[in-house]
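Each residue takes its place number in the sequence, starting with 1.
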Amino acid sequence: MNKLFTSIVALALSSVTVASFAQDIKGDANAGQTKNAMCIGCHGIKGYQSSFPEVYKVPMISGQSAGYLSSALHEYKKGDRKHPTMRSIAATLTDQDIADLSAYYSAHGVVAGAQLPDKPAKEPSTEVQALLNKANCASCHGANFSKPIDPSYPKIAGQHADYLFVALKAYKVDNGTNPNAKVGRAHPIMGGMAKQYTNAELKAMAGYLSSVQGDLKVVPESRFR
């Protein structure tokens, strides 16, 4: 318990440092649009699938929060997230590039004035609700899973179910600081949460979350339409 508490405190302090640093670097959405050549080949094609570590649709990032996108890219760059392709891409990005791309995709495809309901229109089954309550997912990701309480947390409503499942399983893999690991995500809070569940339970939650109306979408590049 003390070890988990220490990890959570360390993560909180780290998040404060990253958030403070991020405030010093302002993202420029227009600049981000000129830097997304490495992004559109996967995230700009509807239904595009990754084949590692299994086949799943790449995540929708248009409409995602800038804070989360920035945090995720920094984690890939640092190696806390182990996906080989994303790590190699993130390694080429400067902090300003990350800020610009995050600003761009957070506004990409957003419809001015559009409002999501405060609560999901589709209620989960009793079994799935119990699973969501077990880790109190809504306490961080918001009552409709699209209004996270911290800008570095992701919107997850409407995200691809197969991606959510792969991401949640990745949090269960503890590779520590192994630079050669190809799978896993080092995150003490999400790691502790994900490890409470069987893979079947994670898949059930991912299936429900993908059915909830959200802000996330794929905006196809004109060359891919």
Side-chain angles (χ1 to χ4, degrees), residues 10-11 14-45 48-109 148 150-156 159-160 162-164 166-191 194 216 218-219 221:
L11 176 66
S14 175
S15 297
V16 169
T17 302
V18 170
S20 177
F21 177 69
Q23 290 175 1
D24 295 332
I25 300 180
K26 302 300 182 183
D28 182 332
N30 290 328
Q33 188 173 12
T34 70
K35 300 177 179 182
N36 71 345
M38 291 186 293
C39 308
I40 59 177
C42 293
H43 298 283
I45 303 176
Y48 190 84
Q49 294 180 315
S50 172
S51 59
F52 181 86
E54 59 191 76
V55 176
Y56 62 93
K57 288 185 284 296
V58 299
M60 292 180 277
I61 59 174
S62 294
Q64 183 61 269
S65 61
Y68 169 71
L69 292 172
S70 176
S71 176
L73 286 170
H74 279 290
E75 287 173 9
Y76 282 120
K77 185 173 183 177
K78 184 180 176 182
D80 288 342
R81 292 192 179 201
K82 304 294 185 180
H83 192 283
T85 302
M86 284 303 304
R87 287 190 67 186
S88 63
I89 290 173
T92 69
L93 302 175
T94 67
D95 292 334
Q96 185 65 61
D97 291 337
I98 290 175
D100 292 342
L101 286 167
S102 299
Y104 171 68
Y105 276 107
S106 68
H108 194 218
D150 185 280
S152 67
Y153 299 164
K155 301 176 183 180
I156 54 177
Q159 184 60 271
H160 297 309
D162 50 1
Y163 165 73
L164 288 174
V166 168
L168 287 167
K169 286 192 295 182
Y171 285 117
K172 296 173 70 174
V173 179
D174 185 5
N175 281 317
T177 58
N178 180 2
N180 298 316
K182 298 185 183 303
V183 177
R185 293 186 178 187
H187 194 290
I189 295 178
M190 280 303 301
L216 306 178
V218 177
V219 182
E221 292 290 319

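- Contact record, Thr85 with Ser88: O-OG, 2.7 Å, taken as the closest heavy-atom pair.
- Here the straight-line distance linking atom CZ of Arg81 with atom OG of Ser71 works out to 7.0 Å at 0.5 Å rounding.
- Leu101 has its side chain out of reach of Leu69: every pair of non-hydrogen atoms, C-beta onward, lies at least 4.5 Å apart.
- Taking all atoms of both residues into account, the shortest heavy-atom contact from Ser106 to Ser65 is CB-C, 4.2 Å.
- Taken to the nearest 0.5 Å, the CG atom of Leu73 stands 9.5 Å off from the CD atom of Glu75.
- Closest approach of Cys39 and Tyr105 over heavy atoms only: CB-OH, 3.3 Å.
- Proximity of Gln33 to Asp100: side-chain heavy atoms (C-beta onward) are nowhere separated by under 4.5 Å.
- In terms of modelled atom types and a separation under 3.5 Å, the side chain of Lys77 and the main chain of Leu93 share a donor-acceptor contact.
- Side chain of Lys82 to main chain of Ala170: no donor-acceptor pair is present (N/O by atom type, distance under 3.5 Å, no hydrogens or angles).
- Residues Pro53 and Lys169 have side chains not in contact (no heavy-atom distance under 4.5 Å, counting atoms from C-beta outward).
- The aromatic rings of Tyr56 and Tyr163 sit tilted, their planes meeting at an angle between 30° and 60°.
- Considering CE of Met60 and NZ of Lys155, their distance stands at 12.0 Å, rounded to 0.5 Å.
- Distance NZ/Lys172 to CZ/Arg185: 14.5 Å, rounded to 0.5 Å.
- Side-chain atoms of Gln64 never come within 3.5 Å of backbone atoms of Ile156 as a donor-acceptor pair (strictly under, hydrogens ignored).
- Looking only at distances, a side-chain donor or acceptor of Asp162 sits under 3.5 Å from a matching main-chain atom of Lys57.
- Formation of a donor-acceptor pair under 3.5 Å by the Ser102 side chain with backbone atoms of Ile98 is found in this model.
- Using a distance-only test at 3.5 Å, with no hydrogens or angles considered, a donor-acceptor pair links the side chain of Thr34 to the main chain of Ala31.
- Asp95 has its side chain within reach of His74: a pair of non-hydrogen atoms, C-beta onward, lies under 4.5 Å apart.
- Between His43 atom NE2 and Ile61 atom CD1 the span is 4.5 Å, to the nearest 0.5 Å.
- Side-chain contact between Tyr68 and Pro148 is absent, with no heavy atoms from C-beta onward closer than 4.5 Å.
- Applying the ring pair (Phe, Tyr, Trp, His ring centres under 6.0 Å) criterion to Tyr104, with sequence neighbours excluded, gives His108.
- Separation of atoms CD (Gln159) and CG (Leu216) is listed at 5.5 Å; rounding is to 0.5 Å.
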